[in-house]
Amino acid sequence: MAPSLSEPFSDSSVLIDFVINQGNGVKGLSEMGLKALPKQYIQPLEERMCMTNVQAQESIPIIDMSNPNDPEVEKSICEAASKWGFFQIVNHDVPVEVLENVKDATYKFFGLAAEVKNKYSKEHSLSNNVRFGTSFTPQAEKALEWKDYLSLFYVSQEEAFALWPSVCREQVLDYMRKSEVVIKQLLKVLMKGLNVNEIDETKEPLLMGSMRTNLNYYPKCPNPELTVGVGRHSDVSTLTILLQDEIGGLFVRGNDGDNWIHVPPIKGSLVINVGDALQIMSNGKYKSVEHRVVANGSNNRISVPIFVNPRPSDMIGPLPELIENGEKPIYKQVLYSDYVKHFFRKAHDGKKTVAFAEL
C-alpha cells in the first residue's frame, strides 16, 4: 500500500518497504506525484552535478564505423580509448530496428505491475543472473540513486529462455547477438593498438568471456538537482556498449579533471567506453573514465548497456605481450570475480576500484 502523502517517507523503513520490498522502485515514487524528493535520495553537495563544470563546447569523439578496417578509423578508435576512454560510433553493424526493439522492450518491462517485476528482485529471483533492483548498492549507500534496473547476465540461450522476463527476452538476446560483431571489431582494433595482432582462443574469453545487459529506467524526478541517476564511477568491464534514448543525461569526466562533458544522444549511435578490466590489461594505455547520469525533472529516460567482461574465473593483469616487450607492469594479477565483488560492495566512488589492482 502507498504511504499517505503528507510526509510520506520521513521514516526510512517505510521508503525501503515501498521502493525495494514491494518492488515499486523509484518509478513508483515518481508516479505518486511527490512535490519534493524524499530525503533518502538527497545527495551530498559534492556528489551533485554542478552545471557550471560542464564543458559545453567539448564532445567525445564520434567515429564512423562504415569501414572498420580503414587505418584512419583504427587510429581514431585507439586514440579515443587512450585519451577519452569514451567515444560514440555511427554506421555500425547493429540494425536500427534492433536498437528500437530493445528500447521498446525496456519500457514494456518497466511498465509491468510492481508485483510482477518484484519476482525478479534479489529476494525472489530464481537466479543471481536475473536481478531487478533500484539504486546501486542500497545497503552501502548514504544517499540513494534515482534509478531502477533489470540486470541480465548471459549464461546460455536455454537459461535466458527459462529465466529472463518474456516481455524483453528476445529483444535483449537479439541486441546482444547483433552487437557481438561490433564488439569483436572494436577489440581487434584495440588489441592491434597494443601490438597484440591476434585474438586467439585464449584471448577471446579473457576479453569477452561473459556479458551482462542492464535495462535502466530513470523516471521523472521532483528535484533532479538534489540527486543523481547514477553516481560517479568507472565500469568494471572490458568494454561497455551503451544504447541511449533521445533524452540525454550521461556525463563523462573531461581530460582536465574538474570538468564534465555531456554525451549527446545521436539516433542510431552506440556509446562505447573502456572499462577497468581493459585499463588493467592494457597496462594503463587505454583508460576507463568516470561517468555519471543526472536525474531529469521533465522526462523519463532509459538506457541499455551491454557490459563485455572477462569470465569471473579469469585472472586479469597487464597482457603478457606488453610485459615481454619490456613494459613495467603497473597492475598485479587479480581474480576478476574478486575485482567485481569489491566494486559492488561499496557505493559508487569514482575511480577508486582500480586501486584494488594496483601494484
Side-chain angles (χ1 to χ4, degrees), residues 77-78 81-82 85-86 127-131 151-157 159-160 172 175-177 179-214 233-242 270-291 305-324 327 329-346 351-359:
I77 291 168
C78 293
S82 309
F86 263 84
S127 164
N128 265 340
N129 299 331
V130 181
R131 174 74 49 81
S151 181
L152 301 165
F153 184 87
Y154 181 81
V155 175
S156 67
Q157 192 88 351
E159 182 179 285
V172 173
Y175 171 49
M176 290 176 91
R177 236 185 340 261
S179 297
E180 210 167 298
V181 182
V182 176
I183 292 162
K184 285 181 174 170
Q185 285 169 345
L186 292 169
L187 287 173
K188 185 178 163 198
V189 170
L190 290 165
M191 287 300 109
K192 203 167 151 188
L194 301 172
N195 296 315
V196 177
N197 291 322
E198 193 203 352
I199 298 181
D200 58 22
E201 62 279 2
T202 57
K203 280 279 182 320
E204 189 172 296
L206 178 66
L207 294 166
M208 55 178 294
S210 72
M211 291 200 201
R212 180 163 63 88
T213 302
N214 272 19
H233 71 288
S234 58
D235 293 346
V236 291
S237 55
T238 304
L239 285 179
T240 302
I241 315 298
L242 175 78
L270 290 166
V271 179
I272 311 296
N273 66 278
V274 172
D276 292 355
L278 184 56
Q279 175 171 318
I280 292 163
M281 289 191 268
S282 71
N283 205 29
K285 176 170 182 186
Y286 300 137
K287 297 191 173 40
S288 66
V289 170
E290 271 185 73
H291 50 289
I306 298 174
F307 300 100
V308 180
N309 309 308
R311 295 165 302 186
S313 58
D314 283 322
M315 296 297 291
I316 61 166
L319 293 169
E321 290 88 342
L322 303 179
I323 307 310
E324 284 157 17
E327 276 189 40
I330 52 177
Y331 301 105
K332 59 190 175 195
Q333 297 283 329
V334 295
L335 181 65
Y336 186 61
S337 60
D338 285 348
Y339 190 86
V340 173
K341 277 184 199 130
H342 178 64
F343 176 70
F344 280 105
R345 224 176 262 138
K346 56 195 176 36
K351 279 273 292 180
K352 287 185 184 161
T353 312
V354 85
F356 185 76
E358 284 168 359
L359 277 168

Could you work out, with side-chain hydrogen bond (donor to acceptor under 3.5 Å, both in side chains) as the rule, every residue matching [X], not counting sequence neighbours?
X: N309; answer: Y336
X: Y339; answer: D276
X: T213; answer: none
X: R131; answer: N128

Check: [Y] and [X] side chains under 4.5 Å, non-hydrogen atoms:
X: K352; Y: V354; answer: no
X: K287; Y: V274; answer: no
X: P329; Y: L359; answer: yes

If the condition is side-chain contact (heavy atoms from CB on, under 4.5 Å), which residues does [X] pass it with, not counting sequence neighbours?
X: N129; answer: S127, F153, V155, E159
X: I330; answer: N283
X: T202; answer: D200

Closest contact, heavy atoms only, [X] versus [Y]:
X: M211; Y: I183; value: CE-CD1, 4.0 Å
X: G85; Y: V289; value: CA-CG2, 3.8 Å
X: M281; Y: L322; value: O-CD1, 3.5 Å
X: I280; Y: A357; value: CD1-CB, 3.6 Å
X: S210; Y: P310; value: OG-O, 2.8 Å
X: V236; Y: F343; value: CG1-CG, 3.4 Å

Review point. Judged by atom type as modelled, is there a donor-acceptor pair below 3.5 Å linking the side chain of S288 to the main-chain atoms of Q279?
Key: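 Looks like no, no N/O pair under 3.5 Å.
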
Exercise for review: Apply ring pair (Phe, Tyr, Trp, His ring centres under 6.0 Å) to Y286 and list each qualifying residue two or more places apart in sequence or on a separate chain.
Suggested key: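 With sequence neighbours excluded, Y286 shows a ring pair (Phe, Tyr, Trp, His ring centres under 6.0 Å) to no residue whatsoever.
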
Approximate separation, where rounding is to 0.5 Å, of [X] [atom1] and [Y] [atom2]:
X: M208; Y: I306; atom1: CE; atom2: CD1; result: 10.0 Å
X: I241; Y: S179; atom1: CD1; atom2: OG; result: 6.5 Å
X: L242; Y: H291; atom1: CG; atom2: NE2; result: 8.0 Å

Name the atoms and distances for all side-chain donor-acceptor pairs under 3.5 Å in residues 184-195, with sequence neighbours left out.
| from | atom 1 | to | atom 2 | distance (Å) |
| --- | --- | --- | --- | --- |
| Q185 | NE2 | D93 | OD2 | 3.2 |
| K192 | NZ | E74 | OE1 | 3.0 |
| K192 | NZ | E74 | OE2 | 3.4 |

Review point. Which is it for M176 and E180 under the side-chain contact (heavy atoms from CB on, under 4.5 Å) test, yes or no, and what are the steps along the way?
Key: CA-CA 6 Å; M176 290 176 91; E180 210 167 298; over 6 Å; no

**Study point:** Test log, rule side-chain contact (heavy atoms from CB on, under 4.5 Å), inputs L207 and I199
**Key:** CA-CA 9 Å; L207 294 166; I199 298 181; 4.0 Å; yes

Exercise for review: For the pair T238 and I316, evaluate side-chain contact (heavy atoms from CB on, under 4.5 Å) and give the outcome as yes or no after the intermediate values.
Suggested key: CA-CA 10 Å; T238 304; I316 61 166; over 6 Å; no

Check your understanding: How far apart are the C-alpha atoms of L239 and L278, what are their side-chain angles, what is the distance that settles it, and do they pass the side-chain contact (heavy atoms from CB on, under 4.5 Å) test?
Key -> CA-CA 7 Å; L239 285 179; L278 184 56; 4.0 Å; yes

Review point. Can you list every salt bridge (charged side-chain N to carboxylate O under 4.0 Å, His left out) pair that touches residues 314-324, not counting sequence neighbours?
Key: K203-E321, R311-D314

